[in-house]
Amino acid sequence: MEIRSQEFKKSAHIALHDAKLQRALGNLKAGFPGKRAAAVARLPEFDALRDQARDLKNHIIEHLDLYLEEFEKNVIAQGGTVHWCRTAEDARKTILEICRAQDAKTVTKGKSMVTEEIALNEYLEANGVTPVETDLGEYILQLRNDHPSHIVAPAIHLTLDDVAEAFHEHHKRPKSDDPAVLMQEAREMLRKQFVSADVGITGANFLIAETGSTIICTNEGNGDLTQTLPKTHIVVSSIEKVVPTLEDMTLFLRLLARSATGQEFTVYNTLSTGPRRQADRDGPENFHVVLVDNGRSDMVGTEFQEMLRCIRCSACMNHCPVYGAVGGQTYGWVYPGPMGSVLTPQMIGIENAGLLPNASTFCGKCEEVCPVRIPLPKLMRHWRDKEWEKHLTPAAARSGIGIWAFFAKRPALYRMLSWSSNLFLRLVGGKRGRIRKLPLAGGWTDFRDMPAPSGKTFMQQWQERKS
Amino acid sequence: MANPRPRVGLFVTCLADMFRPEVAFASVKLLELAGFEVEVPKRQTCCGQPAFNSGDRKDSADIARQTIEAFDGFEYVVGPSGSCIGMLHHYPELFVESDPWHQRALDLKARAFEITSFLALHLDMDKLSSSFTGKVTYHDSCSGLRELGVKKQPRELLSKLPGVQISEMEEAETCCGFGGTFCVKYPEISNRMVGNKSENIRATGADTLLGGDLGCLLNMVGKLKREGIEVKARHVVEVLADMLDSPAIGEAEQGV
C-alpha cells in the first residue's frame with residue numbers, strides 16, 4: 001500500500017470537506033462509543049480486568065520468546081507448521097510458496113490487518129494468485145480497489161450508496177439500496193468462492209501457547225468458511241498476539257468485544273488447532289502459521305514496548321476526536337487513529353510518518369478507553385522526542401520553540417516578553433476586547449477571534465500593588 | 001508567632017499573566033479565603049509544556065529545574081490550570097531516577113494542585129459567596145480531567161452559589177481542539193473540534209461558559225465570537241471569587 005502519511009494535512013483538508021465521509025464518520029461517533037459505555041457499565045469488574053490484562057500482557061512481552069516457542073512446539077505437535085518471518089517481504093514470500101505448493105489459483109481471506117500491513121493482496125495478484133476478501137467490509141473495499149479506514153469496521157468511511165454502486169457495477173445486477181438485498185448478493189457471490197478456493201488465509205486475534213491454537217473473532221462467520229473449506233489454512237499473525245493459556249485468552253475476549261463494538265462477546269469465536277484429524281468431519285488438510293515480526297521485536301526494551309500490549313480493539317480511534325474529524329484514510333497507511341500514530345512510525349520510519357504522532361491534542365481519551373491501558377499520548381510524545389533528536393521537527397517549529405525557551409529560562413526577560421506581547425495585543429484589540437485578524441497568527445484567526453488581554457499583565461499589577 | 005498560615009506559591013500560568021490577570025487575582029483571593037498565605041515567586045515563568053510536547057526534552061528539563069527551584073519551600077503550589085499543573089506532574093519523567101532532580105520533581109508533584117481540586121480539599125465551602133446569577137455550562141478540560149481527576153470539584157464549589165444554575169452540555173469531556181500548538185499546527189482539524197464544541201455549548205441555552213483552563217477558554221470564546229453565538233465565558237475562579245467587574249473573556253469594555 002502506498003504510504004501517504006506525510007500528506008496528512010492535505011488529506012485532512014479534503015476529508016473535512018467531504019460531506020459523505022463526514023456523514024459516515026457521524027454514524028461511527030453515534031455508534032461505538034455509546035455502545036462501549038453501556039457494555040462497560042454492565043460489567044462492574046471491567047477496570048479490574050483491564051489491570052489484569054495490562055499486567056498479563058507485560059508478562060508475556062517480557063517472555064515473548066518463551067511463549068512463542070511453546071506455541072510453535074504445540075502447533076507442530078498438532079500436525080501444523082510454523083513459519084518465522086522477520087520482515088514483511090519474508091512473510092509475503094512464505095505465503096506465496098505455500099500457495100504455489102498447493103498450485104493455488106484463488107485464496108479466500110478472512111479479515112486481517114497484518115495482511116494489509118505486509119501488502120499481501122497486491123503481491124499475490126502480481127504472482128498469479130487471486131485473493132478474495134470474504135469479510136463484507138473488506139469485500140466491498142476490494143471491489144472498489146480501496147483500503148480499510150478502520151481496523152475493525154474497515155468500510156466505515158463508505159455510505160450505503162457507495163456499496164450499492166460497487167455491487168451494481170461488479171455483480172451486474174439491478175442497483176438496490178436495500179441492505180438485505182445487498183447482503184444476499186454478497187452471500188451468493190462469496191459462497192462460490194468459499195467452495196472453490198484452494199487456500200484460506202485468516203488472521204488471528206490470539207495465539208494460544210499451551211495448545212498451539214489460533215483464534216479469530218468475527219461477527220459474520222466468513223472466517224469459519226475461509227478456514228474450514230479449503231485444503232490449506234494459513235494463519236497470518238504478528239508475534240505479540242501470543243497468550244499463555246486458553247484461560248488467559250478468555251480474559252482478553254471479555255475486553256475485546258466490549259471495547260470494540262460494545263458487544264458482550266463477538267458472535268463467532270473460532271479456534272483452530274492443527275489440520276483435520278481422521279475423526280474430524282471437516283477442516284483443512286494443511287495448517288500453517290506465519291508469524292510476522294516486522295519491527296515488533298525491535299520495540300521490546302524501548303520506550304515503545306507498551307504498544308505491544310495492543311489487542312487491536314479500535315476503541316482508541318472510535319473515541320479520538322481527530323480520527324472522528326478526518327477518518328482513517330487520512331492517516332495514509334494501514335493503522336489509523338492513536339494506535340496507528342504510535343505503530344506506523346515504527347513500521348515505515350518516523351521520517352515518513354512524523355505528522356501522525358503530532359496530530360493529537362493529547363486529550364488522553366484514547367488512554368482512558370484502552371482495554372490494556374497503553375499510555376498512547378506518552379508514546380506519541382516519545383515519537384516527537386525522536387523527531388527532535390533527529391532534527392526532523394519542521395524548522396519553523398524548532399526555532400520557534402528555541403527562541404521561546406530562551407526567554408522562558410530567563411525570568412526577567414520572560415516578564416518583558418509577556419509585558420510587550422500583552423501591550424501589543426491590547427493595542428490591537430482596542431476596546432473591542434478581541435482581535436479578528438492578526439498577522440502570523442492565521443492558524444488561529446482564520447477560524448476564530450483572539451480574545452485580547454483584559455489589562456496589564458498580572459505580574460505588573462501584582463508588583464504595583466505590593467510596592 | 002502562633003500558628004502561621006501555611007504558605008502557598010501561586011503558579012500564575014502564562015495565559016493568566018498575559019491575557020486574564022483577573023484569574024490570578026481571583027485565585028489569590030480564594031486561597032486566602034481558605035486560610036493560606038499566598039506568594040507569587042518571581043522566578044517562575046512557563047511550566048515548559050510547549051517544549052515538552054514538541055519533543056524538546058532538554059529545554060523542558062531546564063525549565064522544570066527552574067520551576068522546582070522557584071517553588072522550593074512552599075507547602076503547596078497551586079495554579080488555575082489543569083494543563084500547567086498537569087505539566088508539573090510530568091516533571092519526574094524528565095529525569096532519570098538516579099538524578100537528584102528526579103526526587104525533587106516528585107516532591108514538587110506531591111505539592112502541586114489545580115486550584116479547584118485544592119479548594120475542594122481545603123476550603124470551607126460555606127464561606128463562598130458570589131453575586132453571579134445565570135445559567136452556566138462547564139467544559140471539562142482534558143489535562144485536568146484525565147491527568148488530575150478534576151471533574152466533581154468545580155461543580156461542588158459552584159453548587160454552593162445560589163445564583164448558579166448548571167446546564168451540562170453534550171460531550172462536556174470531549175477536547176475543544178486547543179491542544180497547545182496543535183491549534184496552529186492543524187488549524188482545520190482544531191477548527192472542526194471547536195466548532196462541535198461551540199454547537200454543544202449553544203445547545204444548552206446557557207448564558208455563560210465556565211472552565212478551569214484559559215487555553216481552552218480562549219479557543220472556545222474565539223469560536224463562539226466568530227460564529228456570533230451570544231454566550232459569555234469566564235474562568236470558574238472569577239465566579240467563585242465574585243470577581244465579576246471586568247467584562248467576560250473577549251468581551252468589549254462597557255459602553256463600547
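Below, chain A is the first sequence line, B the second, and so on; all start at residue 1.
Remark: B/E39 CD is packed, more than 12 non-hydrogen atoms of other residues, nucleotides or ligands lying under 6.0 Å away. The environment of CD in B/E230 is sparse: at most 12 heavy-atom neighbours from other residues, nucleotides or ligands sit within 6.0 Å. Residue B/K29 places its NZ atom among more than 12 non-hydrogen atoms of other residues, nucleotides or ligands, all under 6.0 Å distant. Around the NZ atom of B/K185, the shell of radius 6.0 Å holds more than 12 heavy atoms that belong to other residues, nucleotides or ligands.
Here the side chains of A/M450 and B/R226 are not in contact, with every heavy-atom distance at 4.5 Å or above. The shortest distance between side-chain heavy atoms of B/F19 and A/T457 does not fall below 4.5 Å. No side-chain heavy atom of A/S418 sits under 4.5 Å from any side-chain heavy atom of B/C14. Two residues are said to be in side-chain contact when any heavy atoms from C-beta on lie closer than 4.5 Å; A/K9 and B/E188 fail this criterion. Annotation: side chain of A/W444 is in contact with side chain of B/C183 (closest heavy-atom distance under 4.5 Å). Using a 4.5 Å heavy-atom cutoff, the side chains of A/P411 and B/Q66 are in contact.
At a 4.5 Å heavy-atom cutoff, A/E367 makes no contact with chain B through either its backbone or its side chain. For a residue to count as touching a neighbouring chain, one of its non-hydrogen atoms must lie under 4.5 Å from one of that chain's; by this rule A/A359 touches chain B with backbone and side chain alike. Only the side chain of A/F8 comes within less than 4.5 Å of a heavy atom in chain B; its backbone stays farther off. For chain A, the nearby part of B/L10 is the side chain; its heavy atoms alone come within less than 4.5 Å. Heavy atoms of B/Q44 lying under 4.5 Å from chain A belong to its backbone as well as its side chain. Residue A/K456 touches chain B through its backbone alone, counting heavy-atom pairs closer than 4.5 Å. Neither the backbone nor the side chain of B/V23 comes within less than 4.5 Å of any heavy atom in chain A. For B/S198, no part lies near chain A; criterion is any non-hydrogen pair under 4.5 Å. Within the 4.5 angstrom heavy-atom criterion, no atom of A/K390 approaches chain B. Proximity to chain A involves both the backbone and the side chain of B/N219, based on heavy atoms less than 4.5 angstrom apart. Using a 4.5 Å cut-off between heavy atoms, A/E387 makes no contact with chain B at all. Contact of A/W419 with chain B is not made at all, since no heavy-atom distance falls under 4.5 Å. Interface remark: B/R192 contributes side-chain atoms only to the contact with chain A (heavy atom separation under 4.5 Å).
With hydrogens and angles disregarded, no donor-acceptor distance shorter than 3.5 Å links the side chain of A/R415 to the backbone of B/T45. Although no hydrogens or angles enter the test, the distance criterion places a donor-acceptor pair under 3.5 Å between the side chain of B/D17 and the main chain of A/M459.
Taking the charged nitrogens against the carboxylate oxygens, B/E251 and A/K431 have no contact shorter than 4.0 Å, which rules out a salt bridge.
A distance of 11.5 Å separates CE in B/M220 from CZ in A/R448, rounded to the nearest 0.5 Å. Atoms CZ and CZ, from B/R146 and A/F362 in turn, are 14.0 Å apart once rounded to the nearest 0.5 Å. Taken to the nearest 0.5 Å, the CD1 atom of A/I401 stands 6.5 Å off from the OG1 atom of B/T181. Taking CE of B/M193 as the reference point, atom SG of A/C363 lies at 6.5 Å (rounded to 0.5 Å). In this structure, CZ in A/R432 is found 13.5 Å from NZ in B/K225, a value given to the nearest 0.5 Å.
For the set B/G195, B/C142, B/S83, the count of heavy-atom pairs under 4.5 angstrom toward chain A peaks at B/C142. Among A/R410, A/R436, A/R426, the residue with the largest count of heavy-atom pairs under 4.5 Å with chain B is A/R436. Between chain A and the residues B/L15, B/I249, B/L218, the largest count of heavy-atom pairs under 4.5 Å involves B/L218. Options B/R43, B/K42, B/E22, B/R20 differ in how many heavy-atom pairs under 4.5 Å they form with chain A, and the most are formed by B/K42. Annotation: maximal heavy-atom pairing with chain B below 4.5 Å, among A/S360, A/A441, A/A15, A/G430, occurs at A/S360. Among the candidates B/L224, B/L217, B/V40, B/T174, the residue making the largest number of heavy-atom pairs closer than 4.5 Å to chain A is B/V40. The greatest number of non-hydrogen atom pairs below 4.5 Å with chain A, out of B/C176, B/S143, B/G180, B/S190, is found for B/S190. Comparing A/I435, A/T393, A/V322 by heavy-atom pairs within less than 4.5 Å of chain B, the highest count is held by A/V322. The greatest number of non-hydrogen atom pairs below 4.5 Å with chain B, out of A/R398, A/R381, A/R434, is found for A/R381. Each of B/V184, B/I189, B/N196 has some count of heavy-atom pairs under 4.5 Å with chain A, and the biggest count is that of B/I189.
In terms of heavy-atom proximity, B/I63 sits nearest to A/A408 at CD1-CB, 3.8 Å. When every heavy atom of A/N358 is checked against every heavy atom of B/F182, the shortest pair comes out as O-CD1, 4.0 Å. Annotation for A/G443 and B/P187: closest pair O-CB, 3.4 Å, computed over non-hydrogen atoms. Of all the heavy atoms in A/N422 and B/M18, the pair that sits closest is ND2-O, 2.7 Å. Residues B/C46 and A/Y414 approach most closely at CB-OH, 3.5 Å, considering heavy atoms. In terms of heavy atoms, B/A16 sits closest to A/F458 at O-CB, 4.4 Å.
At a heavy-atom cut-off of under 4.5 Å, chain A is reached by B/A51, B/F52, B/N53, B/S54, B/G55, B/D56, B/R57, B/K58, B/D59, B/D62 from residues 51-62 of chain B, listed in order of number.
Take A/H13 and apply the ring-ring contact (aromatic ring centres under 6.0 Å, His included) test, not counting sequence neighbours, and it matches A/H17.
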message: Test side-chain contact (heavy atoms from CB on, under 4.5 Å) on B/Y186 and A/L355; report intermediate values, then the result.
response: CA-CA 10 Å; B/Y186 299 84; A/L355 288 177; 3.6 Å; yes

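The side-chain tip of B/K223 does not point at the ring of A/F447 from less than 6.0 angstrom away and within 45° of straight on. For the pair A/R465 and B/F25, the cation-pi criterion (under 6.0 Å, within 45° of the ring axis) is fulfilled.
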